[in-house]
Trainee: 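Have a look at the structure that comes next, please.
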Amino acid sequence: MSETVIHVENLTCRFGDFVAVDHVSFQVQRGEIVGYLGPNGSGKTTTIRMLLGLLRPSEGYASVFGFDVYRQAEAVRARSGYMSQKFALYNDLTVWENLAFYGGVYGVHQRQQLEEVLEIVGLQEHRRSLVNSLSTGWRQRLALAIALVHRPQLLFLDEPTSGVDPLARRAFWDLIYRLAEAGVTILVTTHYMDEAEYCQRVGMMRQGKLMAMDTPSALKAHVLPGPVWEVFLQPLEVGLEHLRQVEGVLRVGLSGDHLRVLTRPEIGASDLETGLRHAPLKLQGIQRSEPTLEDVFLTLAGKEEEDR
Amino acid sequence: MSDYLLEVEHLSKRFGETAAVEDLSLRVRPGEIYGLVGPDGAGKTTTMRLVVAALRPDRGQIRVAGVDMQRAPEQGRRWIGYLSQRFSLYEDLTVLENIRFFAEVRGLSAQEWRSRSLEILRFVDLERFQDRLAGQLSGGMKQKLGLAIALVTRPRLLLLDEPTTGVDPVTRQDFWQLLIQLVHAASEPVAILISTPYMDEASRCHRIGFMRAGRLIAEGTPSELRARLNGRMLEVRGSPLSDLRAWLQQVEGVEEVHSFGDRLHVRVRQGYTQAVLDRLQQHPSPSPSIRILSARPVTPVLEDAFMAFASNQPVESEP
């Protein structure tokens with residue numbers, strides 16, 4: 001049984017002539033982990049600020065737990081936690097002191113409730129550590145603890161694991177999955193494709209528009225017009241120029257020691273090989289590649305440009 | 001002159017009790033983009049600061065274009081362009097004024113800097129914006145201006161500390177295109193050492209070194225590193241994911257399971273792939289509540305490789 005937690009319809013925000021968020025619509029169900037992926041300046045944070053009632057929508061409508069985000073902002077904020085990437089922790093206070101301070105801001109004074117949060121994020125043993133002695137991974141957990149201190153049922157995470165060790169990142173995401181299983185709804189904004197892969201559904205934002213929102217697997221299966229290939233050859237620039245001319249090739253990009261090529265569905269490795277036969281280069285190999293969310297993003301961005 | 005533009009041998013640097021860099025050796029050739037890949041605190045930035053001789057190593061040697069950086073740091077630095085992570089532009093100066101400022105700091109004469117600046121602005125495609133205030137540039141344009149400034153002295157070794165963080169993927173493609181043009185310049189191929197905590201950035205480098213706790217834990221081309229796990233990564237779908245995950249962790253031959261959005265990624269021990277796949281396919285419902293919808297081998301991604309190297313389960317190195 002699903003229960004809609006976030007409902008957004010034609011949400012728009014203009015700053016003068018600039019459209020920061022442009023007629024965005026989506027829904028998020030209870031317990032879902034949804035990623036909101038896009039580069040800096042694409043409208044992610046503006047959307048979150050509207051959802052938290054900090055910014056008035058110029059047009060459209062949004063509700064959280066059935067409350068109008070602007071007119072009933074207090075009710076929304078009482079039920080939502082926000083972990084910002086640039087969260088201000090007090091470096092010269094201990095973990096516990098930080099938690100108690102922010103708990104107080106939310107009116108949470110019971111020791112038991114603070115203990116509970118500390119346990120959820122696994123910081124019990126560091127309670128007396130000064131924040132400036134903690135690794136980035138532990139600080140991120142403390143920021144999460146603070147966002148959870150008033151037991152919110154909806155959590156906004158802004159690039160939660162940037163710069164964290166992959167091992168620590170996976171541990172952090174395990175926490176997030178556990179919260180979601182307990183019924184907490186999670187919206188993660190990020191510009192890292194790596195991070196978006198962890199979400200159950202991903203919305204892709206660019207220049208204020210929500211280009212698509214679906215599961216990572218569905219995005220890869222439905223958005224990409226055909227397969228992705230890794231083509232190993234030398235020299236790379238010569239390959240880049242020639243592959244662009246080959247019939248059925250839709251996009252070619254440089255990727256370290258090889259080229260990444262998106263083609264129409266009917267194209268096979270042998271077609272690419274034939275297309276390169278007369279090019280002055282040394283072909284070393286062609287293999288099918290797993291599509292990435294970046295492939296999806298670039299394809300959607302390309303469509304947007306064409307439509308203009 | 002040596003075949004390498006950068007040679008680092010047995011480099012170590014401690015800060016008090018912490019080994020920031022520990023016995024690190026690496027070499028970068030002209031025409032090569034080498035990625036130093038690891039989390040914050042792994043020692044990437046310290047390595048770069050040692051290379052530019054902003055810090056003195058406790059042990060080890062660094063040569064830039066054959067110049068010993070401890071004996072002749074000034075001479076070595078002439079070959080280096082450095083775009084640091086916390087690089088700050090003067091927001092109230094124009095694009096051209098920023099370049100001029102940094103060119104003069106680096107000792108370029110008035111005659112030299114102007115023609116060189118325009119040439120570089122053309123290269124990074126900012127020529128049209130030369131009179132715009134740096135503070136009014138987009139993130140991607142600022143990055144390009146940072147690169148232009150690092151290039152003004154015609155360096156042969158370019159050090160880039162997390163250059164494309166937060167940039168639109170479309171712009172990032174352009175930025176990388178510029179880097180590739182630089183390293184392939186026929187007349188004076190450049191060597192690039194780039195640091196990043198992100199695997200999607202790392203996968204674009206020619207060669208990468210995984211760094212963790214000051215040490216280089218693995219080195220190779222992205223394809224080589226991924227290939228060390230070939231056939232050992234499975235993607236499993238089913239429901240409920242959390243129960244399925246807990247169950248999978250008990251299956252013989254399974255090394256690690258992690259959630260990945262709407263699916264699980266499973267790393268199996270060498271030689272167990274078929275056994276694990278058979279087991280999953282023959283028993284699609286290992287308990288009344290768990291259902292396995294699909295299981296298939298997938299191409300390992302770099303993050304899988306990093307995890308395998310980092311989790312103390314040594315990956316068999318290639319012969």
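Here is the naming used below: chain letters follow the sequence lines, and residue numbers restart at 1 for every chain. Computed from a predicted model, the values in this text were never measured in an experiment.
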Trainee: Identify which part of B/Phe306 has an atom lying under 4.5 Å from any heavy atom of chain A, answering side chain, backbone, both or neither.
Mentor: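 Answer is side chain: those atoms of B/Phe306 sit under 4.5 Å from chain A.
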Trainee: Among the options B/Ser203, B/Ser259, B/Ala202, B/Ser223, pick out the one with the most heavy-atom pairs lying under 4.5 Å from chain A.
Mentor: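 Looking at each option in turn, the highest pair count goes to B/Ser259.
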Trainee: By a 4.5 Å heavy-atom criterion (distance strictly below it), what part of A/Arg260 contacts chain B: side chain, backbone, both, or neither?
Mentor: neither
Trainee: Below 4.5 Å from any heavy atom of chain A, which atoms of B/His258 appear? Answer side chain, backbone, both or neither.
Mentor: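 Just its side chain gets close to chain A.
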Trainee: Using 4.0 Å as the upper bound for N to carboxylate O, is an ion pair formed by B/Arg207 and B/Glu224?
Mentor: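 No.
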Trainee: Is there a donor in the side chain of B/Ser242 and an acceptor in the side chain of A/Tyr177, or the other way round, less than 3.5 Å apart?
Mentor: no
Trainee: Quick one: which of A/Arg169, A/Arg170, A/Arg201, A/Gln200 has the most heavy-atom pairs under 4.5 Å with chain B, could you say?
Mentor: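 Of A/Arg169, A/Arg170, A/Arg201, A/Gln200, A/Arg170 has the most heavy-atom pairs under 4.5 Å with chain B.
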Trainee: With a 4.5 angstrom heavy-atom cut-off, which part of A/Ile33 approaches chain B: side chain, backbone, both or neither?
Mentor: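 Answer is neither: A/Ile33 stays 4.5 Å or more from chain B.
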Trainee: Taking side chain as everything from C-beta outward and backbone as N, CA, C, O, which of these in B/Ile33 sits under 4.5 Å from a heavy atom of chain A? Side chain, backbone, both or neither.
Mentor: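 Neither part, no heavy atoms under 4.5 Å.
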Trainee: Sort A/Glu230 into side chain, backbone, both or neither according to what part of it lies under 4.5 angstrom from a heavy atom of chain B.
Mentor: side chain
Trainee: Under 4.5 Å from any heavy atom of chain B, what part of A/Glu181 do you find: side chain, backbone, both or neither?
Mentor: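 Contact with chain B: side chain only.
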Trainee: Distance to the ring centre below 6.0 angstrom and angle to the axis at most 45 degrees; does that hold for A/Arg288 and A/Trp229?
Mentor: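 The answer is yes, since A/Arg288 meets both limits relative to A/Trp229.
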Trainee: Check B/Arg226 with B/Glu303, please: is the shortest side-chain N to carboxylate O separation under 4.0 Å?
Mentor: no
Trainee: Once the angle between the rings of B/Phe260 and A/Tyr198 is folded into 0 to 90°, is it parallel (under 30°), tilted (30 to 60°) or perpendicular (over 60°)?
Mentor: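 B/Phe260 and A/Tyr198: perpendicular rings.
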Trainee: What pair of heavy atoms forms the shortest contact from A/Gly239 to A/Leu281, and how long is it?
Mentor: CA-CD2, 3.5 Å
Trainee: Measuring heavy-atom distances to chain B, does A/Glu237 have an atom under 4.5 Å in its side chain, in its backbone, in both, or in neither?
Mentor: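 Just its side chain gets close to chain B.
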Trainee: One thing to verify: whether B/Glu219 and B/Arg27 come together as a salt bridge, which I'm taking to mean a side-chain N less than 4.0 angstrom from a carboxylate O.
Mentor: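 Not counted as a salt bridge, because no side-chain N and carboxylate O are separated by less than 4.0 Å.
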